[in-house]
Amino acid sequence: MKILVLNCGSSSLKYQLVDMETEAALARGLVERIGIENSRLVHETDAGKVEMNEDIPNHQVAVQLAIDALISPEYGVISDVKEISAAGHRVVHGGENFSEAVIIDGEVKKAIAECSTLAPLHNPANLVGIEACERILDVKQVAVFDTAFHQTMPDKAFMYALPYGLYEKYKIRRYGFHGTSHKYVAARAAALLGRPLDELKLISCHLGNGASVCAIDKGLSVDTSMGLTPLEGLIMGTRAGDMDPAAVTFIMEKERLSPGGMEGLLNKTSGVLGISGLSSDFRDLEAARNEGNEMADLAIKMYCYRVAKYIGAYAAAMNGVDGIIFTAGVGENGSMVRREICEYLGFLGVSLDEEKNAKRGVEIDASAEGARVRALVIPTNEELTIARETLALVK
Ligand code: AMP
């Protein structure tokens with residue numbers, strides 16, 4: 001059985017065709033700049049990479065192009081579209097409606113549309129991708145929500161200390177994101193440690209362009225750093241993360257910013273980019289720091305300090321921790337960032353083995369011999385999780 005996994009952004013589409021017998025990705029691709037000039041598709045298989053530059057006015061055309069690439073006699077991996085048995089979609093916000101993946105029908109689409117007020121950049125794009133797929137493929141479709149894994153958080157963790165009526169009226173609360181990734185790496189961590197997941201207290205650090213920490217007790221999310229939106233919590237590539245809300249209204253007043261303008265500032269020009277004035281990419285920041293750039297140094301220091309503070313908080317929230325997981329772009333590749341974070345955590349029993357920590361792109365327990373709390377590097381695989389959850393529902 002082959003499952004098409006789709007992740008639609010407002011002007012992009014990521015896809016992967018997964019063979020469920022082997023759980024291998026037969027092909028993966030990225031369509032960029034949908035509806036904008038210079039759009040392109042990059043399609044990758046074991047045989048190599050092809051790039052197509054053409055006009056891609058909307059998501060329907062993008063989905064069609066992705067499928068054409070998959071069945072292409074030249075660089076395709078299947079001979080007929082009928083070989084695709086189901087489609088799994090990443091959907092960012094499921095609100096309080098979804099605590100697990102579901103088969104998409106009219107009601108589900110309506111609920112996804114209703115959650116658009118909570119994720120205006122993501123949910124409408126996810127829905128467009130679902131509808132484009134519906135028109136092209138005659139298969140069952142499944143929605144896998146970024147928020148679903150966190151629906152097990154207790155109210156003491158997900159409520160904000162605002163007038164309770166705001167929760168009742170608008171469902172203002174912590175939802176959390178990156179759930180698919182946190183869930184996948186937690187299961188892998190249990191396998192790596194050779195212990196049942198339901199005996200473990202884990203803290204998962206998904207450190208990518210967006211970044212979040214999750215406290216996972218016995219396999220369940222009990223707290224996470226992202227909130228109503230993916231802006232709260234850690235310092236990210238371009239997002240500010242936690243700060244005094246009074247600073248927001250202060251800046252709006254002084255800089256005469258509209259709510260949209262302020263949201264743009266907090267989401268797009270803050271984070272390590274805002275601090276360093278240089279880049280949101282840790283490769284650039286590390287290179288600049290090595291050349292003596294003080295602002296890059298400050299940005300990295302602030303970033304690591306914030307992650308370490310969350311780990312300390314979540315160890316307290318769970319009354320202990322067995323393993324700390326690093327995943328996503330920075331977590332998987334940034335050995336320097338991992339080292340700097342772990343330097344704060346000696347009191348917990350974390351200690352890194354420098355040689356193991358220098359490895360990249362492989363699952364590894366990077367802890368020193370005898371460390372009480374294990375530091376694990378686990379490459380995430382959200383697409384495989386989406387494919388597995390899709391298979392479980394359509395089987
Ligand atoms: P993601 O959102 O998971 O794709 O992560 C993307 C981010 O990972 C980039 O913006 C970089 O900051 C970071 N990254 C990728 N490769 C490396 C690397 N070799 N060292 C440090 N950071 C990296």
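Residue numbers start at 1 and run along the sequence shown. Just so it is clear, the values below take in all heavy atoms, side chains as well, and ignore hydrogens, waters and symmetry mates. Both counts, for ligands and for their atoms, begin at 1 and track the order of listing.
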Please list, in number order, the atoms of ligand 1 under 4.0 Å from a heavy atom of [X].
X      : result
Ala328 : 3 (O)
Phe282 : 11 (C), 12 (O), 22 (N)
Gly208 : 1 (P), 2 (O), 3 (O), 5 (O)
Val330 : 8 (O), 12 (O), 13 (C)

Which residues pass the ring pair (Phe, Tyr, Trp, His ring centres under 6.0 Å) test with His150, not counting sequence neighbours? His182
Which protein non-hydrogen atom lies closest to [atom], naming both residue and atom, and how far is it?
atom                    : value
atom 21 (C) of ligand 1 : Glu286 OE2, 3.8 Å
atom 23 (C) of ligand 1 : Gly329 O, 3.8 Å
atom 2 (O) of ligand 1  : Asn209 N, 2.8 Å

Is the number of heavy atoms from other residues, nucleotides or ligands within 6.0 Å of OH (Tyr160) greater than 12? yes
His93 and Tyr175 aromatic ring geometry - parallel, tilted or perpendicular at 30°/60° bounds: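 Plane angle over 60°, so perpendicular.
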Distance-only donor-acceptor pairs under 3.5 Å for side chains of residues 8-17, two or more places apart:
{"unit_1": "Tyr15", "atom_1": "OH", "unit_2": "His43", "atom_2": "ND1", "d": "2.7"}

Let me check something: do Val92 and Val142 share a hydrophobic cluster, defined by ILVMFWY side-chain heavy atoms less than 4.5 Å apart, either directly or through other members?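 The answer is no; the residues belong to distinct hydrophobic clusters.
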Going by distance alone, is a donor N or O of one side chain under 3.5 Å from an acceptor N or O of the other, for Asn290 and Glu286? no
Scan the protein's non-hydrogen atoms and note whether one is under 4.0 Å from atom 4 (O) of ligand 1. no
Which of the listed options, Asn333, Asp284, Val272, Asp281, holds the heavy atom that is closest to atom 19 (N) of ligand 1?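 It is Asn333 that holds the nearest heavy atom.
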Pick, from Arg360, Arg283, Met236, the option with the minimum heavy-atom distance to atom 15 (C) of ligand 1. Arg283
Centroid separation Phe282 to Tyr303 less than 6.0 Å: yes
Determine yes or no for a side-chain-to-main-chain donor-acceptor pair under 3.5 angstrom, with Asn333 supplying the side chain and Gly329 the backbone.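 Here the side-chain-to-backbone pair exists.
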Contact (N/O only, under 3.5 Å) between His206 and ligand 1: no
